Amino acid sequence: MELFKELQWFFLQEWKKYTGTLIILTIITLLQLLPSKITGRTIDLILNHQSSTSQILLNISKIISISIIIYILKYFWRILLFSASNQLTSQLRIKFCTALLKKDATFYSKYRTGDLISRATNDIDRVVFSTGEGILTIIDSVISGCSIIFMMCAQTNWKLSLFALIPMPIMAIIMRRYGKLLYKYFQQSQKYFSFLNNQAQDSLSNIHMIRNFGLEKPEINKFSIIAHKVGKKNLKVSKIDAQFDPIIHISIALSNLFAILGGSILITKKQLTFGQLTSFILYLGSMIWPILAFAWMFNILERSNVSWKRIKKIINHKNKKKQYINNINPKKPLNLDINIKKFCFPSRTNNSLYNIKLIISNNTTLGICGPTGSGKTTLIRLIQKHFTLYKGIIKYCQNDINHIQLKKWRSIVSVVHQTPFLFSTNILKNIAFGKPHATIQEIKHVAKLACIHQDIKNFPQGYYTKIGEKGIKLSGGQKQRITIARAFLTPSKIFILDDPLSAVDHDTEHKIIKNIHKYTKKNNITTIIVTHRLSILEKFNNIVVLKNGTILQQGSHEQLLLQKNWYSEMYNYQKFK
Ligand SMILES: Nc1ncnc2c1ncn2[C@@H]1O[C@H](COP(=O)(O)OP(=O)(O)O)[C@@H](O)[C@H]1O
Ligand SMILES: [Mg+2]
């Protein structure tokens with residue numbers, strides 16, 4: 001019931017549909033009681049030789065008419081109830097998606113894509129199910145159960161009713177126990193289903209790599225191990241499910257036995273007629289559905305509660321709260337002042353960065369290089385505010401960047417990432433991602449700056465060519481240049497490129513770097529480029545060499561060449577290669 005309390009906002013919003021359903025279901029339940037009563041009366045009339053053929057035919061036609069009315073009413077409540085619960089599906093998915101878009105990098109290092117997808121689909125469907133089928137079973141079982149018991153007491157004999165219903169409370173206690181077990185096992189089954197989704201997502205997104213390395217078999221093995229575990233967890237849930245039905249049927253059978261025993265005694269004492277006992281047994285038979293429905297409702301609610309908690313955990317996950325300043329004083333120098341004492345990823349114990357002191361003046365160029373794993377991307381991520389928990393401070397325009405609103409900061413910094421990310425739409429929309437209303441001239445201009453215009457012209461539909469999932473129809477270099485063109489289209493004060501030209505040939509790379517210099521100088525932009533090709537750093541104002549998470553060397557290209565260290569060794573190695 002906690003779930004329904006928390007979904008109160010939705011029931012209030014859809015109150016008309018739920019009230020309509022309640023009214024129609026009440027009418028149906030009351031109508032359903034009539035055939036048992038008419039049948040009992042008819043039997044008594046026949047036994048007492050008081051019935052005529054026309055009377056019997058009239059009673060039969062009454063029963064048929066009631067069935068037709070019930071059929072029509074059932075159609076209407078279904079439309080009402082399920083249109084309401086479908087509404088909840090879209091609202092919860094929008095809520096979930098909105099919440100995901102606001103989460104920080106710490107959140108995404110904790111939750112994996114497969115897990116999030118399973119919560120957004122499977123768990124939301126579970127919760128919605130409880131507001132459709134769940135509500136139906138509650139209303140139906142309560143109304144029909146109570147009215148049947150009332151009819152049994154009022155129309156036949158209340159002592160017999162009490163006697164016949166003795167097994168029911170015992171059954172309720174047993175079912176409650178099973179409900180708790182069901183909650184526990186279903187929680188485990190959903191958790192493992194998330195693991196399964198994570199594995200599927202991992203395999204699918206790396207399918208080319210898996211094929212290249214011939215790793216299909218180990219991948220299938222990994223998947224089948226998790227699939228078996230999911231199967232086992234589901235089996236545990238099914239075992240509990242399977243115990244629900246027999247308990248109900250045993251209880252009903254016991255009730256019938258008690259009714260026949262008690263009823264026979266009452267008939268011999270002439271306190272009950274055969275017709276009344278028949279009606280009573282028919283009523284008892286009609287109790288099967290409300291009891292089954294009640295048990296089923298328990299089942300639905302226990303599962304939905306598990307799912308709702310999994311959804312809430314994501315929606316309510318709070319990013320660390322920060323104080324924001326509203327404006328950046330344009331009179332102060334637009335320098336980026338980095339002083340990171342130490343930073344460690346939440347999942348790690350050793351520092352990924354330490355003792356990083358750097359001042360990047362406005363409208364200057366900084367090159368970052370160093371061996372792989374030295375912390376180049378990590379430094380860029382801290383500048384982007386992906387992580388805010390580190391010892392030290394990064395200041396822009398003399399303000400701690402953690403005090404600048406994320407939205408504002410994103411308009412100041414634009415980043416081209418190491419791995420290009422493209423959407424499965426056409427090239428034009430991919431370039432215009434940050435400026436959807438850009439003109440075709442603007443798009444062509446930035447494509448020329450990124451040296452991709454000629455390639456695009458050679459595609460079958462030019463800028464309107466669809467590039468497939470994650471740009472599968474493009475080469476690595478083409479993908480990288482499209483993401484650079486995208487960044488050119490939305491100019492910002494700090495332009496960061498994290499090794500974005502690794503798949504581009506040497507000449508094109510130099511051309512693009514030249515265009516970047518021209519573009520940033522003209523627009524008064526600070527440029528930070530991470531690269532492993534040192535020749536492109538020759539004209540940079542400052543170059544930093546990172547090693548093992550800290551600064552190994554710093555200076556201009558000429559200064560660094562004079563030092564006998566990583567930079568000069570690597571530069572000479574690349575030059576002669
Ligand atoms: N999300 C992450 N969680 C934990 N450790 C990470 C994460 N990203 C990078 N690291 C670790 O931080 C170190 C620096 O990585 P990175 O900045 O990507 O190196 P580079 O870009 O210089 O090749 C590496 O040891 C890497 O394993
Ligand atoms: Mg990197």
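Positions are given from 1, in the same order as the sequence printed here. All values derive from a computational prediction rather than experimental measurement. Order of listing sets the numbers, starting from 1, for every ligand and every atom in it.
Among L353, T372, T378, the residue whose heavy atom sits closest to atom 16 (P) of ligand 1 is T378. Among S109, G373, P371, the residue whose heavy atom lies nearest to atom 20 (P) of ligand 1 is G373.
Counting protein heavy atoms only, atom 18 (O) of ligand 1 is closest to T377 CB, 3.7 Å. Closest to atom 10 (N) of ligand 1 among all protein heavy atoms lies F345 CE1, 3.2 Å. The shortest contact between atom 25 (O) of ligand 1 and any protein heavy atom is with R348 NH2, 3.6 Å.
Residue G375 has at least one N or O atom closer than 3.5 Å to an N or O atom of ligand 1. Taking any N or O of K376, backbone or side chain, at least one lies under 3.5 Å from an N or O belonging to ligand 1.
Ring geometry, F421 versus F423: the interplanar angle exceeds 60°, so the pair is classed perpendicular (tilted spans 30 to 60°). Between H317 and Y111, the angle of the ring planes goes over 60°, which puts this pair in the perpendicular group of the 30/60° scheme.
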Q: Start with the C-alpha distance between D202 and K222, add both sets of side-chain angles, then the distance that settles salt bridge (Lys or Arg N to Asp or Glu O under 4.0 Å), and finish with yes or no.
A: CA-CA 11 Å; D202 249 9; K222 263 198 256 170; over 6 Å; no

Q | Candidate pair D499 and R533, rule salt bridge (Lys or Arg N to Asp or Glu O under 4.0 Å), full reasoning | A | CA-CA 9 Å; D499 208 1; R533 271 193 213 150; over 6 Å; no

Q.
Please determine whether salt bridge (Lys or Arg N to Asp or Glu O under 4.0 Å) holds for the pair K511 and D507, giving the CA-CA distance in whole Å, both sets of side-chain angles, and the decisive distance to 0.1 Å.
A. CA-CA 6 Å; K511 239 186 196 164; D507 287 347; over 6 Å; no

Q: Go through H403 and Y396 one step at a time and tell me if the ring-ring contact (aromatic ring centres under 6.0 Å, His included) criterion holds.
A: CA-CA 10 Å; H403 295 168; Y396 178 67; over 10 Å; no

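Residue-level proximity to ligand 1 for S352 is carried by the side chain, the only part with a heavy atom below 4.0 angstrom.
For T377, the nearest N, O or S atom to the Mg ion (ligand 2) falls under 2.8 Å.
For the side chain to side chain donor-acceptor pair (under 3.5 Å) test with R93, the passing option among T121, T98, D125 is D125; the others fail.
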